[in-house]
Protein chains: 2
Amino acid sequence: MSARRLPTLEDVAAKAGVSRATASRVVNADPRVRGESRRAVEAAIRELGYRPNRAARSLVRPDAASIAVVIPEAEERVFTDPFFSATLGAIYTKLSDSPVQVLLAVAPPGEREKIERYLRGGYTDGAIVVSHHRDDGISDVLLETRLPAVYIGRPYAGDVGLPFVDVDNEAGGRIAAEHLLSLGRRRIGTITGPLDMASGADRLMGWRQALEEAGLAADLVEHGDYTAASGAEGVKRLLAREPGMDALFVASDLMAISALHELQARGVRIPEDMAVVGFDDSQMAKLTRPPLTTILSTATGLAETAVEMLTALLRGDPVDPVVLPTELIRRGSA
Amino acid sequence: MSARRLPTLEDVAAKAGVSRATASRVVNADPRVRGESRRAVEAAIRELGYRPNRAARSLVRPDAASIAVVIPEAEERVFTDPFFSATLGAIYTKLSDSPVQVLLAVAPPGEREKIERYLRGGYTDGAIVVSHHRDDGISDVLLETRLPAVYIGRPYAGDVGLPFVDVDNEAGGRIAAEHLLSLGRRRIGTITGPLDMASGADRLMGWRQALEEAGLAADLVEHGDYTAASGAEGVKRLLAREPGMDALFVASDLMAISALHELQARGVRIPEDMAVVGFDDSQMAKLTRPPLTTILSTATGLAETAVEMLTALLRGDPVDPVVLPTELIRRGSA
DNA sequence: CTGTTAGCGCTTTCAG
DNA sequence: CTGAAAGCGCTAACAG
């Protein structure tokens, strides 16, 4: 970047009139260095504005591991969707008093090779993959490079063998639908997540099964992509198709809240006219009016488990997939 | 971490029956390597699960710069406060198609040395300091190591010389107070930010001056710390002291929204009984009922400017502090 | 307490 | 097209 060469330990040593080894010792707070030379070195460091070269150092003394949090989504989504914020926060927090460095590898679907280059580039010792899509190619790279990694969210079928932690998405979808059914609702729609993600497909599956077992048509399906915008759009399309819809299962809180706003803007009363169940139990779910009934799936729990699994992997221990239980969090919207 | 030694280029070369140089060339996609040996090397890489050692590589070929985003706050705040999310998002996005790596250095007030060690450790080529407090010691380290850095938010007086980008906080406080005054309000309180941050002190100052110029007592002051909790608490204390308060300037949207909820929970009508002005114009400000009147100060704009400044610094160009203008965004709450 | 001496794993002239 | 050799900046024995 800057044109001028940065000062090296050699420079410091020369200026202080000592050997490189001695200079290195004071930089590393080795107590053996005597007052005389120690002061000289410290002065030289200050005057030169010396900072150790990390690459050189870690070449010889393998330093703190670094792990990458890989998110194959657009940057704006990552820092906007509370699920990702909560996940990142939990990962950072869990790792905050260990020396491991957390790196973020975010790239939208169109720039797959960016993440691939990253994973192959030796930038990290391990990875946590957060929002895996069927064709993002990440698992191929992981398998090939043998980079220790764990998925948050079950990788799409076929990626077997890669460890993951997930919530029981199918059960969640089922629980939501059964709750709506138990309320006496009969025209129950759903706004799904992306179907190229296991979570999206599984939540839909659970919802569908519950409806079919109740002898109802599982036809009121619109596809969303976990963004707020897709929640509002989904509900519009659903209402256009079936004005008589009286209940709605939305596959994420973010979409559900957006759907809620859209519904209320049209004068639909919640839960009287329309019962709504979300998914995630995010912070925001408590704050809507009425507060959102939702399916528990804590980003924090998933993230912490993922960190524990990856840590085990880095230690060389084998790990098994973990599926966390889920449950209905009943609030005012259904 | 893992006990077994990772495969090196040497191993790959040996297995492929070529020299290290040739192996290196295929790793780096050098077109000169012929079909024969290229295939052998590629196979060896695959079989061994070889990943280049980044430290060794960057030692010889200085690689992409990395910059640190330094936030001297507790992890949970960083991933919870929309200001930080927006800031991080803007920094990542702005840098997403450049090769520079963004590192996050977060540490709560009590663990100052963590950040210091980080800055001194040669982990990065530059830094963006986001939530600077008077005594966090960051500027000393920056000055001493000569690490190129820019502050988002003016560093506290005395740190002169370090480049920063900020919004005109004092003007913002003044504009808020003057707006409340123009509405005919006369008992105007404020919930401040932390006073060891320039933004906190300056917003208070602007508010105070406007009140005093209007001949009113600027006594209804409670101190917050930009967290949601402190917004609710501030309003409670204010109301306890002065039940007749009819307007409120809150130094951040997050605190303001929390104050709003507290007020509404007590049956106070907004804006009839109490006019409320926030600060930030965050996304959430549009979503409350009534929507929040606030002072424009986009995290995105600040972050993008900071990146531009730091980029210039890394190029060796000098930069001057930048102060972005502010304005009243009038919505329903005042 | 301090200096000398080997490398760490990789890229890159320079020869061939 | 490929190999040999030098060296990036630093740390860690190993002497002294």
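Chain identifiers are assigned alphabetically (A, B, ...) following the order of the sequence lines, protein sequences preceding nucleic acid strands; residue numbering begins at 1 within each chain. Since we're looking at a predicted model, the values are computed, not measured.
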Nearest-angstrom distance from the residue atom CG of Leu9(A) to C1' of dC8(D): 13 Å
Closest nucleotide among dA12(D), dG7(D), dC10(D) to the Thr8(A) side chain: dC10(D)
Spacing between Asp11(A) atom CG and dC8(D) atom C1', to the nearest angstrom: 13 Å
Sugar-phosphate, base or nothing in reach of Val18(B), heavy atoms under 4.0 Å: sugar-phosphate
Over 12 foreign heavy atoms within 6.0 Å of CD, Glu308(B): yes
Sugar-phosphate only, base, or nothing, as touched by Ser37(A) at under 4.0 Å among non-hydrogen atoms: sugar-phosphate
Asn53(A) CG - dC8(D) C1' separation (whole Å): 8 Å
Residue Glu111(B) excluded, over 12 heavy atoms near CD under 6.0 Å: yes
side-chain N/O Ser24(A) vs dT11(D) OP1/OP2, d < 4.0 Å: yes
Nearest-angstrom distance from the residue atom OH of Tyr50(A) to C1' of dG9(D): 8 Å
Ion pair check, Arg120(A) and Glu116(A), cut-off under 4.0 Å: yes
Spacing of Arg39(A) atom CZ relative to dC1(C) atom P, expressed in whole Å: 13 Å
Whole-Å gap separating P (dG9(C)) and CD (Glu10(B)): 9 Å
Integer-rounded Å distance: dC10(C) P and Asn28(B) CG: 10 Å
Pairwise side-chain contact, Tyr156(B) with His133(B), heavy-atom cut-off 4.5 Å (strictly under): no
Check: Arg20(B) side chain, dT11(C) base, donor-acceptor under 3.5 Å: yes
Interatomic distance, Arg57(A) CZ vs dC10(C) C1' [rounded to whole Å]: 20 Å
Given DNA chain D, 5'-ward residue of the pair Gly17(B) and Leu59(B), judged by closest heavy atom: Gly17(B)
Centroid-centroid distance, Phe79(B) to Tyr92(A), less than 6.0 Å: yes
Toward the 5' end of DNA chain C, by each residue's nearest nucleotide, Arg54(B) or Arg25(B): Arg54(B)
Which nucleotide in dT4(C), dT11(D), dT2(D) has an atom nearest any side-chain atom of Thr22(B): dT2(D)
